[in-house]
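To keep things clear, I will list the structure first and then write my remarks on it.
Starting from 1, each residue takes its place in the sequence as its number.
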Amino acid sequence: FRQACAAALDMDRIMTAAYGSSEFYTLNSSYVFKSNAWYSDAGDDRYNVKDLDKCHELLEQCGYNGETFTLLVTTDYQDMYNAGVSIAQQLNDAGITTELLPVDWSTLFEYRADETKYTAFITTFSCPAVPSIFICYSDSWAGWTNDDTIRQLCSEINSATSTDEAMEKWGELQDYSWDYLPLIKLGDYDYLEASSKKLSGVTYFEGPVVWNATLYK
């Protein structure tokens with residue numbers, strides 16, 4: 001069923017709904033950013049396929065019978081809500097009965113711990129230092145990933161004796177993830193940041209880092 005949903009989605013439509021312009025997003029199947037040393041294009045052939053025939057074939061294989069897909073989404077972040085509206089429309093058009101469950105951010109945190117309240121939810125992720133510790137691979141986090149292959153590959157990444165070995169295993173894990181689908185990645189969002197010429201020492205890491213900044217008068 002997860003594969004059917006992934007096959008139905010047009011990520012460009014979703015990201016445009018969320019961020020308005022391609023200047024502010026990148027379509028990318030990688031679980032980490034292109035600028036990250038762990039970047040891999042493994043699984044790219046299953047990302048953004050926009051194939052309704054494949055979706056319907058997979059729905060038939062998994063025995064889908066019109067059950068309601070409930071998409072939990074916050075109204076506190078406009079990008080997430082807009083993405084949810086686009087996803088719901090696309091899934092309904094694909095024959096998957098989909099309804100939005102819009103809540104505030106704190107309620108989303110409460111609801112996502114209760115698997116009976118929803119089918120999927122929308123969130124964003126930062127890149128961890130090592131991708132094997134992505135929270136979506138945890139069996140104690142919402143989604144409750146429980147898969148022996150994922151556990152084994154995470155263990156092999158963490159115990160690798162060289163960077164090359166670890167990165168090879170990560171490529172295997174990301175490729176496998178596009179079959180198992182602990183999450184369905186939509187894309188990467190971008191934003192503009194600027195600082196005055198009067199400042200020096202400002203760096204950026206998922207936002208401005210200013211503790212070493214100096215102001216010239």
>> Could you go through Ile150 and Leu173, starting from their C-alpha distance and side-chain angles, then the distance that decides it, and tell me whether this counts as side chain to side chain contact (heavy atoms under 4.5 Å, CB included)?
In response: CA-CA 7 Å; Ile150 287 177; Leu173 177 54; 4.1 Å; yes
> Minimum heavy-atom separation for Thr74 to Tyr81, with atom names?
Replying inline: O-CB, 3.4 Å
> Do Gln174 and Ser30 come within less than 4.5 Å of each other through their side chains, counting heavy atoms only?
Replying inline: yes
> For Phe33 and Asn28, what are the C-alpha separation, side-chain angles and deciding distance, and is it a side chain to side chain contact (heavy atoms under 4.5 Å, CB included)?
Replying inline: CA-CA 8 Å; Phe33 304 131; Asn28 182 1; 5.8 Å; no
> side-chain contact (heavy atoms from CB on, under 4.5 Å) with Ile157: which of Met167, Gln152, Lys169?
Replying inline: Lys169
>> Counting only heavy atoms not in Tyr111 (residues, nucleotides, ligands), do more than 12 fall under 6.0 Å from its OH?
In response: no
> Which is it for Cys5 and Phe69 under the side chain to side chain contact (heavy atoms under 4.5 Å, CB included) test, yes or no, and what are the steps along the way?
Replying inline: CA-CA 10 Å; Cys5 292; Phe69 182 110; 3.9 Å; yes
> Would you call the rings of Phe121 and Tyr118 parallel, tilted or perpendicular, where under 30° means parallel and over 60° means perpendicular?
Replying inline: perpendicular
> Has Trp144 got more than 12 heavy atoms of other residues, nucleotides or ligands less than 6.0 Å from its CH2?
Replying inline: yes
>> Distance alone, cut at 3.5 Å: any donor-acceptor contact between the side chains of Thr16 and Tyr25?
In response: yes
> Taking side chain as C-beta onward, heavy atoms only, is Leu199 less than 4.5 Å from Val210?
Replying inline: no
> With Arg46, which of Asp175, Asp51, Asp41 fulfils salt bridge (charged side-chain N to carboxylate O under 4.0 Å, His left out)?
Replying inline: Asp175
> Between Lys50 and Arg13, is a side chain to side chain contact (heavy atoms under 4.5 Å, CB included) present by the stated rule, with each step listed?
Replying inline: CA-CA 11 Å; Lys50 299 173 285 188; Arg13 283 176 57 191; over 6 Å; no
> If you round to the nearest 0.5 Å, how far is OG1 of Thr97 from CD of Glu67?
Replying inline: 8.5 Å
> With no hydrogens and no angle check, do the side chains of Thr68 and Thr70 hold a donor and an acceptor under 3.5 Å apart?
Replying inline: no
> Does Phe1 belong to the same Ile/Leu/Val/Met/Phe/Trp/Tyr cluster as Leu9, with side-chain heavy atoms less than 4.5 Å apart forming each link?
Replying inline: yes
>> Are the side chains of Phe134 and Val32 in contact, using a 4.5 Å heavy-atom criterion?
In response: yes
> Roughly how far, to the nearest 0.5 Å, is the CG atom of Leu108 from the NZ atom of Lys117?
Replying inline: 12.0 Å
>> Less than 3.5 Å apart, any donor N or O on the side chain of Asp104 or Ser106 sitting next to an acceptor on the other?
In response: yes
> Any salt bridge between Glu57 and Lys54, counting N to O under 4.0 Å?
Replying inline: no
> Under 4.5 Å between side-chain heavy atoms, hopping through other hydrophobics if needed: is there a path connecting Tyr47 to Phe125?
Replying inline: yes
